[in-house]
There are 2 protein chains.
Amino acid sequence: MGVYIQVLEGLLLQEQQVISSEKLAEQCEVNPSQIRKDLAYFGEFGVRGVGYYVSDLLKAIKYFLGIDRNWNCILVGVGNLGRALLRHQQLAQKGFQIQMAFDCDPFKIGERVAGHEVICTRRLKEKAQQMQIDIGLISTPPERAQRAANHMMQAGIKGIVNFAPTRINVSQDVIVDYVDFSNHLISMAFRLSHP
Amino acid sequence: MGVYIQVLEGLLLQEQQVISSEKLAEQCEVNPSQIRKDLAYFGEFGVRGVGYYVSDLLKAIKYFLGIDRNWNCILVGVGNLGRALLRHQQLAQKGFQIQMAFDCDPFKIGERVAGHEVICTRRLKEKAQQMQIDIGLISTPPERAQRAANHMMQAGIKGIVNFAPTRINVSQDVIVDYVDFSNHLISMAFRLSHP
DNA sequence: TATTTTTTGAGAAAAATTTCACAAGAATAA
DNA sequence: TTATTCTTGTGAAATTTTTCTCAAAAAATA
């Protein structure tokens with residue numbers, strides 16, 4: 001689904017107004033039927049004999065995915081990855097704005113990174129509740145991920161994206177998504193060794 | 001599959017020698033049958049009535065996935081994400097060693113990042129061929145990703161992990177894997193808006 | 001206007017994945 | 001030794017996902 005947005009935004013930039021499922025499929029490297037099924041899932045957006053209107057389709061997808069608005073995020077763990085996330089343009093552009101950055105290292109607290117002052121993690125609840133925070137990003141070392149998650153839960157955050165390479169335990173009403181680059185490299189190693 | 005490794009390494013650290021598919025499933029948040037099917041795929045590693053020997057299982061999985069050895073990697077694009085990848089301990093620990101870093105920005109060329117001197121991307125072919133490079137990582141802005149991929153293909157690299165949020169075109173014998181964090185945040189936004 | 005071409009939407013078919021259910025092997029207890 | 005308990009490996013069943021196929025709608029052409 002994210003691929004569709006990526007490709008459609010590219011088309012918009014090239015000022016292409018209409019695209020068929022076949023052409024879109026080519027660029028996304030999937031089957032045309034797949035695309036039609038996916039898009040039909042949230043309404044009839046195509047026009048038979050014509051294709052899909054790029055701009056309308058993009059709006060519809062974004063609305064459907066819930067990214068037609070801003071999502072307030074906070075980040076815990078201002079290491080290398082944390083800094084990369086804080087400076088990442090792409091996220092803010094897509095409406096995922098990292099509003100605050102936390103770390104428990106006294107040497108980092110007070111430092112400014114990409115326009116944010118690094119705050120002590122213990123002040124997370126207090127600080128995060130001043131603003132409605134939707135999503136928490138964890139980029140701590142694995143051994144501190146659970147504590148970061150606990151702080152986030154105490155602040156009432158219901159969505160956690162965990163970049164630390166470890167599982168975390170959360171209450172039932174909290175959604176966790178795991179991101180681990182090593183998995184991609186492992187998958188690559190596997191594919192290269194089984195030609 | 002990557003989850004299994006993560007959890008098993010945790011168990012190894014806790015010096016737990018044996019684990020049942022049920023317990024492993026619990027920690028990996030999957031179905032026990034799933035685990036047994038997956039593991040049975042590359043041989044009979046369990047012992048009925050007992051479970052799986054953590055250390056043996058880990059070795060077997062790593063062998064099967066092709067990560068029982070080192071993989072030489074290079075990176076193109078020394079921006080924020082590139083720096084985070086260069087400094088990322090996890091990757092090197094898993095045997096994915098980033099041997100060289102390239103960038104086309106004259107201000108970055110010559111700079112040292114995590115023990116690597118940043119080299120001009122035009123010298124990629126020449127430099128990479130001095131050592132057998134297995135995998136190329138792209139962490140450039142999207143508009144430079146294709147060029148980075150071309151350089152990698154010219155150097156004979158057959159596996160590309162693309163962190164830039166754009167599709168790239170490669171010859172048939174090259175494997176590409178796409179990594180895009182925004183997709184994870186999009187998926188989170190979707191799940192939070194459809195409770 | 002009628003015919004041909006294009007392309008969607010959706011039901012049917014096919015393929016892949018996940019889960020169930022249980023025989024069989026291994027350990028423990030009686 | 002024999003019975004009981006545990007837990008794997010695997011064929012069958014269920015579910016999900018993907019692909020195929022084609023009627024129907026829209027545009028282009030004659």
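So that the names make sense, note that chain A is the first sequence line, chain B the second, and so on, each numbered from 1.
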Would you list the protein and nucleotides 26-30 of chain D atom pairs, both N or O, that sit under 3.5 Å from each other?
| from | atom 1 | to | atom 2 | distance (Å) |
| --- | --- | --- | --- | --- |
| D:dA26 | O4' | A:Arg48 | O | 3.0 |

Side chain to side chain contact (heavy atoms under 4.5 Å, CB included) involving B:Asp56 - partner list, sequence neighbours excluded:
B:Tyr53
Angle separating the five-pair end axes of the helix from C:dT1-D:dA30 to C:dA30-D:dT1, nearest 10°, is 0°
Among residues 4-17 of chain B, which ones have heavy-atom contacts with DNA chain D below 4.0 Å?
none
Can you list, pair by pair, the side-chain donor-acceptor contacts under 3.5 Å of residues 22-29 of chain B, counting residues two or more places apart and other chains?
none

Residues passing the side-chain hydrogen bond (donor to acceptor under 3.5 Å, both in side chains) test with B:Tyr178, sequence neighbours excluded, are none
Outer limits of DNA chain C sitting under 4.0 Å from a non-hydrogen atom of chain B, read 5' to 3', are C:dT18 to C:dA27
Set of residues satisfying ring-ring contact (aromatic ring centres under 6.0 Å, His included) with respect to B:Phe64, sequence neighbours excluded:
A:Phe190, A:His194, B:Tyr41, B:Phe42
Tell me who clusters with B:Phe107, hydrophobic residues only, linked when side chains sit under 4.5 Å apart either directly or through other members.
none
May I have the list of side-chain donor-acceptor pairs in residues 69-76 of chain A shorter than 3.5 Å, sequence neighbours left out?
| from | atom 1 | to | atom 2 | distance (Å) |
| --- | --- | --- | --- | --- |
| A:Trp71 | NE1 | A:Gly66 | O | 2.7 |
| A:Asn72 | OD1 | A:Gln99 | NE2 | 2.8 |
| A:Asn72 | ND2 | A:Gln132 | O | 3.1 |

Does anything in residues 33-42 of chain A come within less than 4.0 Å of DNA chain D? Heavy atoms only, and list the residues if so.
A:Ser33, A:Gln34, A:Arg36, A:Lys37
For residues 153-160 of chain A, tabulate all N or O donor-acceptor pairs below 3.5 Å that involve a side-chain atom, not counting sequence neighbours.
| from | atom 1 | to | atom 2 | distance (Å) |
| --- | --- | --- | --- | --- |
| A:Lys158 | NZ | A:Asp173 | OD2 | 2.8 |

